[in-house]
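Below, chains carry the letters A, B, ... as their sequence lines are ordered, and counting in each starts from 1. Excluded from the calculations below are hydrogen atoms, water molecules and symmetry mates; all remaining heavy atoms, backbone and side chain alike, are included.
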2 protein chains.
Amino acid sequence: MTKPMIQIALDQTQLPAAIEVAKNVESFVDVIEVGTILAFAEGMNAVKTLRKNHPDHILVCDMKTTDGGAILSKLAFEAGADWITVSAAAHIATIGACKKVADEFNGEIQIEIYGNWTMEDAKAWVNLGINQAIYHRSRDAELAGVGWTEDDLVKMRQLSDLGIELSITGGIVPEDIYLFEGIKAKTFIAGRALAGENGKATAEALRDQIDRFWN
Amino acid sequence: MTKPMIQIALDQTQLPAAIEVAKNVESFVDVIEVGTILAFAEGMNAVKTLRKNHPDHILVCDMKTTDGGAILSKLAFEAGADWITVSAAAHIATIGACKKVADEFNGEIQIEIYGNWTMEDAKAWVNLGINQAIYHRSRDAELAGVGWTEDDLVKMRQLSDLGIELSITGGIVPEDIYLFEGIKAKTFIAGRALAGENGKATAEALRDQIDRFWN
């Protein structure tokens, strides 16, 4: 099984702050994400700037696209994104429109799992040729103290069994990595944990755990 | 029942084009919406600019907020939005976080209905004090030829009965207005139909139909 990568989510509300964090972490992350907050704050200029600053990283634009799929995904891919996120709540026609644009740009679609989705929905994503999804505790649910549950892990294993690689996020810490053993994990995503003073040490601790459980 | 208002959705990918459309339509629309596409393309500068240009209109920022509710809604309200949209697929904690920020700004939350939502979800929104939602055909579903169905109208009446005022969108034309009679309609939203050469005539035709069915 391919080893999961480490992804930083940039959720600053000002581009200069995001640029600085990205420069600080570039040596120890594989994937750089323009978070929804940053994308709404600064527009596609954020994607363009980070693409220019980090030509060799995988760059994600976390739009959580819910409608207007063709235009939104084109905006992000033209600005330099490699992957964009599409909400699981989007109409399947929207998801298909995004996938079509992604194919034109050699980009990829990640389904961002929110709301009352079903495994039938997941099969429909796979039928469109999509093989990535993002599984997370909602930031607000996390703030409300809702942790990783057995229900989460069961669903993650089922998605993995469908061939979907998962990027996993929501208060990721090295001590939790073992929970996801056996799952096709594409990336582990963190924001503040990688951006802070101990970011490099956190990334190393994450890689140690990844090496232990994916080998 | 209050008469529905007319709302223009600005979904241009460049701010100058959106500014021009907004100036052209300001005399015959009540509500100006910074659409998701424009917000992602140009960031909160789009909201700030339209607020400055149109101080007396209701200004909506269509973020379809799905996570990070407190920060995202603060961004939009600080930029000058009166209403922001939050995805029905968001965790209830996210929706609550948005409502709390809205209250601080005397703003309002509109639930944007996507995905597999239930009437129980709708009751939870009402319990948070939210009394607006957006009901639409998805732009992509519309492109795929999916029309207004009896199922749509039943759900809209049920939401209306819960006390939720609906903004209705997705290829709105004057000839369809009669379909929504008896529903608490807050606005009818259109984009290209109002932005084009015949925009003023379309707005007048919409108002004629509104006067006929809400009096």
Side-chain angles (χ1 to χ4, degrees), chain A residues 9 11-13 15 35-47 61-72 74-76 78-79 85 87-98 112-118 121 136-146 169-170 191, chain B residues 9 11-13 15 35-47 61-72 74-76 78-79 85 87-98 112-118 121 136-146 169-170 191:
Chain A
D11 269 317
Q12 290 72 24
T13 57
L15 185 52
T36 314
I37 290 167
L38 178 60
F40 267 130
E42 298 278 10
M44 286 305 101
N45 186 39
V47 177
C61 184
D62 182 21
M63 304 184 116
K64 301 182 175 70
T65 310
T66 311
D67 207 348
I71 297 175
L72 272 178
K74 198 172 169 215
L75 268 182
E78 280 185 343
T85 69
S87 173
H91 190 281
I92 193 72
T94 299
I95 300 175
C98 292
E112 193 142 11
I113 294 177
Y114 279 102
N116 303 327
W117 63 286
T118 65
D121 293 329
H136 50 103
R137 293 193 286 171
S138 131
R139 184 179 180 132
D140 296 302
E142 187 194 332
L143 291 175
V146 181
T169 184
Chain B
D11 269 317
Q12 291 72 24
T13 57
L15 185 52
T36 314
I37 289 167
L38 178 60
F40 267 130
E42 297 279 10
M44 286 304 101
N45 186 39
V47 177
C61 184
D62 183 20
M63 306 184 114
K64 300 182 174 69
T65 311
T66 311
D67 206 349
I71 296 174
L72 273 179
K74 199 172 168 214
L75 269 182
E78 281 184 343
T85 69
S87 173
H91 191 281
I92 193 71
T94 299
I95 300 176
C98 292
E112 194 143 9
I113 293 178
Y114 279 103
N116 304 326
W117 63 286
T118 66
D121 294 328
H136 51 103
R137 293 193 285 171
S138 130
R139 182 178 181 133
D140 296 301
E142 186 194 334
L143 291 176
V146 181
T169 183

- Pairwise side-chain contact, A/Ile71 with B/Asp11, heavy-atom cut-off 4.5 Å (strictly under): no
- Task: With the side chain counted from C-beta on, respond yes when A/Glu112 and B/Asp67 share a heavy-atom pair under 4.5 Å apart, and no when they do not.
- Result: no
- Can you name the closest pair of heavy atoms from B/Phe40 and A/Ala39 and give their distance? CE2-CB, 3.5 Å
- Task: Measure the spacing between CH2 of A/Trp117 and CG of B/Asn116 and express it to the nearest 0.5 Å.
- Result: 11.5 Å
- Nearest 0.5 Å please: distance from the CD1 atom of B/Ile37 over to the CE atom of A/Met63. 9.0 Å
- Message: Checking B/Thr169 now: which residues fulfil side-chain hydrogen bond (donor to acceptor under 3.5 Å, both in side chains) with it, not counting sequence neighbours?
- Response: none
- Item | B/Thr36: side-chain hydrogen bond (donor to acceptor under 3.5 Å, both in side chains) partners, not counting sequence neighbours | B/Asp62, B/Lys64
